[in-house]
Amino acid sequence: MNILVINCGSSSLKYQVIDSESEEVLAKGLCERIGLDGRLVYQKAGGEKEVTDADMPSHKQAIQMVLDALVNPNTGVFKSLSEIGAVGHRIVHGGERFAASTILDDEVLKAIEECSDLAPLHNPANLIGVRACQELMPNVPMVGVFDTAFHQTMPEEAYLYGIDYDYYEKYKVRRYGFHGTSHSYVSKRAAEILGKPYGELKTIVCHLGNGASICAVKNGKSVDTSMGLTPLEGLIMGTRSGDIDPGAMEYLAKKENLDLEGVMNILNKKSGVQGLSHISSDFRDLEAAAAKGDPAGPRALNAFIYRAAKYVGAYAAAMNGVDVICFTAGVGENGPDTRKGICDYLGFLGVVIDDEANKVRGDEKVISTPDSKVTVLCLPTNEELAIARETVALAGGK
Ligand code: AMP
């Protein structure tokens, strides 16, 4: 079955077409600047990237352009759209309602809408993508795959915050966690690579990208993760602060004469390694600055590494041990120095990195030595493939 995977944001939309039997990517790309001027990037497997500037006033037009590209007689991959068997949509927040992927019907869409308060930037955009696809492909099954679903197995002690329990009961204020599709894919793949039963491993997945989170996966279930009610908690990220004393928010608001929105804007967009370095949110720029002797580079990198290492230590405690540590996403897959920096803190767990193997970028590889007590892996994530697998399982194809 051919699966169209859609990841729809407020002004952009990423897509991939995956043949679920061979798991090959047939075509992929993105629509950018939706609602502004519009640009379609389209790439057929083995082909050149094509960039077309075109009016895209709405998501419906953007998806129409993607569908047109897929059936274009010269560069397309299908003769007709009937070759698309199902569409898998990434949905950011499923609240407590969705512990697994689901077929998107009217009732489910309403429930996702009800979670929008928890992810006001993401869920409405995701829903716009679903509705546009439903209009253009009314007879094709649509499946929602939630970033939060994998973490719904967390025990109460991990997901409750230390605040009045009424706020949990009334408003569902709790830890949800994100990047679940990635944490699930990577932890399963690690078990496959090591030839060990998924249900018997204690794995820590470090998803280190522009957004970053760490997850403790015990016997195939997420038992804790660093992001919380929103994707702001936890690690220091590209531009997000991660953990911070809530008291600092009031202090900053007073000092800078800001309202809550202004403080949140600082914590979401002007913090993280960008805010710490005043150089960039991109780790490559920070490493380049460090190589030139600019102390702002290491200042940000060291804080990022230290915070990540503390979470790995905490999750080893939460699981009473760890068998496997996986590094994934942009920095995790491509940043040997960051991986090494984090692992250097973990000698007490018996982690020993093989410096030669750790030079890997973007490939699956064991980067620990044979006598390391914990196996450490560089393991590229593949959220689109994970979404396609979930979609085909629910849409009932092959
Ligand atoms: P992601 O959000 O997973 O796409 O990750 C994006 C981040 O990965 C970028 O901001 C970079 O900081 C980082 N990254 C990508 N390639 C490299 C690389 N070769 N070396 C270090 N960091 C990288």
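One-based numbering, in listed order, for ligands and for the atoms of each. These figures come from a predicted structure and were not determined experimentally.
With respect to atom 6 (C) of ligand 1, the closest heavy atom belonging to the protein is Asn210 N, 3.9 Å. At the shortest separation from atom 13 (C) of ligand 1 among protein heavy atoms lies Val331 CG2, 3.6 Å. Among protein heavy atoms, atom 20 (N) of ligand 1 sits closest to Asn334 O, 3.2 Å. Here the protein heavy atom with the shortest distance to atom 11 (C) of ligand 1 is Asp282 OD1, 3.3 Å.
Residue Ala329 has at least one heavy-atom neighbour below 4.0 Å for each of these atoms of ligand 1: 3 (O).
Within a 6.0 Å sphere centred on CD of Glu96, other residues, nucleotides and ligands contribute more than 12 heavy atoms.
Between the side chain of Asn358 and the backbone N or O of Asp354, no donor-acceptor pair lies under 3.5 Å.
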> Are Glu384 and Tyr185 close enough, and set up right, to give a side chain to side chain donor-acceptor pair (under 3.5 Å), and what steps lead you there?
Replying inline: CA-CA 10 Å; Glu384 291 79 11; Tyr185 172 87; over 6 Å; no
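An N or O contact shorter than 3.5 Å is missing between His207 and ligand 1 by distance. Residue-to-ligand polar distances place Phe283 within reach of ligand 1: an N/O pair is separated by less than 3.5 Å.
Applying side chain to side chain contact (heavy atoms under 4.5 Å, CB included) to His207 and the options Met227, Glu333, Glu383 leaves one that passes, Glu383.
Judged by the 6.0 Å distance and 45° axis criteria, Arg174 is not positioned over the aromatic ring of Tyr168.
Closer than 4.0 Å to atom 4 (O) of ligand 1 lies none of the heavy atoms of the protein.
For the residues Arg284, Glu383, Glu287, Glu333, the heavy atom positioned nearest atom 15 (C) of ligand 1 is part of Arg284.
For the atom pair CG (Asn74) and CD (Glu50), the distance works out to 9.0 Å, reported to the nearest 0.5 Å.
Using cut-offs of 30° and 60° on the angle between ring planes, the pair Phe98 and Phe146 is parallel.
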